[in-house]
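In what follows, chains carry the letters A, B, and so on, assigned in the order in which the sequence lines appear, proteins first and then strands, with residues in each chain numbered from 1.
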Protein chains: 2
Amino acid sequence: MTSRQYNSVWFREPRKAASPGRSREEIVMAAVELLDAEGLAGLSMRKLGAKLSAGATSLYWYVAHKDELLELVYDEVWGEMMVPDPEVMGWRETCSVMSHSMRQVILRHPWSADLIGRMPALGPNALRVTDQMHKAFRLAGFTGLDIDYANSTLTAYVFGMTIPQVAWDAAAKDHDYDQDRLREFVAKAAAGYPELVERINAVDYDNPQVMREVSFDFGLVSVLDGLERRLGT
Amino acid sequence: MTSRQYNSVWFREPRKAASPGRSREEIVMAAVELLDAEGLAGLSMRKLGAKLSAGATSLYWYVAHKDELLELVYDEVWGEMMVPDPEVMGWRETCSVMSHSMRQVILRHPWSADLIGRMPALGPNALRVTDQMHKAFRLAGFTGLDIDYANSTLTAYVFGMTIPQVAWDAAAKDHDYDQDRLREFVAKAAAGYPELVERINAVDYDNPQVMREVSFDFGLVSVLDGLERRLGT
DNA sequence: ACCTGAACACCGTTCAAGT
DNA sequence: ACCTGAACACCGTTCAAGT
């Protein structure tokens, strides 16, 4: 395999821009725009180069390879997540706000869902968010490794809830938003599974967004309750 | 865009094999092997064709496109998940066993982590697992949509906990398993974040597997406690 | 009905050559 | 120091042509 040393993007000073639109910062910005518009599959070094009116391979002066670029855009996503100060909001409220923000950011940048399983979140923005969350859990009363565990649990919930949702949205978009057909499809697929059939009609297909919010909050409250229980109050 | 109708793989009868190693079943099996060996990026129609001693494009007789093949292998993964009968095990134990099984399956097939955000789980195996889980939550005392919500919450936790772990493993493998360097790297990256620095040395770098298990169980118990709380006992 | 190879329109990345 | 285009080794997919 590659067998390179662990020298992350984050440890090399970004090279200075020589022409307009060619700093690391601008490259990353353009990449995010391209990703938002065309998804992960729509980002190619060639297209990105063109967008910056540069030769496709010019970018390799600023980024070692595409994966590095993805590390950079991934952290950009973390940069959009909001974490209130747990000292003024209290830990539960902090967790709640942060969870909703995290979810919204991923839904806003669906391609980021694919990156979560691809590279660890080690950029400065990710670390800042994690740091704040650790603070929240420390203030809540967790100590030692339990701080990490509690944070992992909450983050896992948010990711796990949001990532498959992105997949659903993508499938729906790909197949022309035809809610009725999708519903029919699911009903047909679920036929023969008694438990599924039972409740398939209970689902409110007309207000999927609302149902999702309710579902998300149900789980969030459950997770926070479960964590609170660890505090042994 | 493509704008095709919602006609999933699951509704077309698989075409019969004409030569040995060319049924849908065998194609999927070979694909899983290739994926296990070389990861998602290592699966190409050409390589898969070669593995089956077929022309690269012969596969298109059995599968409409690569995405469809991925849907099939994805469901294969769901087929490996074990769900005990909740009527004999009780709901909490059922959830626990299923969660660990789900996690192990994903770790065994790391490429599956990438598919979770890419396509909905609508295959027969996925439906079977979901059906069983719904049964467990119904027996637990949940009713109506709460059954869906509870199941979503648990599944989200397991996915969200496991997917980023796969990313870590991939990064570690890519960078030569050098635990010491990785540790040093993380320490350096975390410098400047007081909460992170504080506990970075508490992490047991020598037994990462053990820590992960502990972490997973911590979160799992929390989630199950939180769900139980919804039952209002 | 099933399979093939050629062809098309793409990729990421390297590298010698330019300024 | 920075950028380029050509080139290499790949992709997924289509399709006319074979049996």
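Side-chain N/O atoms of B:H109 and B:E80 include a donor and acceptor closer than 3.5 Å. No hydrogens or angles considered: a donor-acceptor pair under 3.5 Å links the side chains of A:S23 and A:E26. With no hydrogens or angles considered, no side-chain donor-acceptor pair links A:D75 and A:W10 at under 3.5 Å.
For the contact set between residues 31-54 of chain A and DNA chain D, defined by any heavy atom under 4.0 Å, the members are A:R46, A:A54.
With pairs defined as Watson-Crick or G-U wobble and both atom distances under 3.5 Å, the stems of at least three pairs that touch DNA chain D come out as C:4-8 with D:12-16, C:12-16 with D:4-8.
Salt-bridge formation is detected for the pair B:E68/B:R12: a Lys NZ or Arg NE/NH1/NH2 atom is positioned less than 4.0 Å from an Asp or Glu carboxylate oxygen.
Proximity of a side-chain donor or acceptor of A:T155 to a complementary backbone N or O of A:S152 within less than 3.5 Å is not detected. Formation of a donor-acceptor pair under 3.5 Å by the B:S53 side chain with backbone atoms of B:A50 is not found in this model. Although no hydrogens or angles enter the test, the distance criterion places no donor-acceptor pair under 3.5 Å between the side chain of A:N151 and the main chain of A:H134. Side-chain atoms of B:K188 never come within 3.5 Å of backbone atoms of A:F11 as a donor-acceptor pair (strictly under, hydrogens ignored).
Under a cutoff of 6.0 Å and an axis angle of 45°, A:R103 and A:F216 form a cation-pi pair. A:R128 forms no cation-pi arrangement with A:W78, by the criterion of a distance under 6.0 Å to the ring centre and an angle within 45° of the ring axis.
In summary, contact between chain B and DNA chain D, defined as any nucleotide atom under 4.0 Å from a heavy atom of the protein, begins and ends at D:dC11 to D:dT14 in the 5' to 3' direction.
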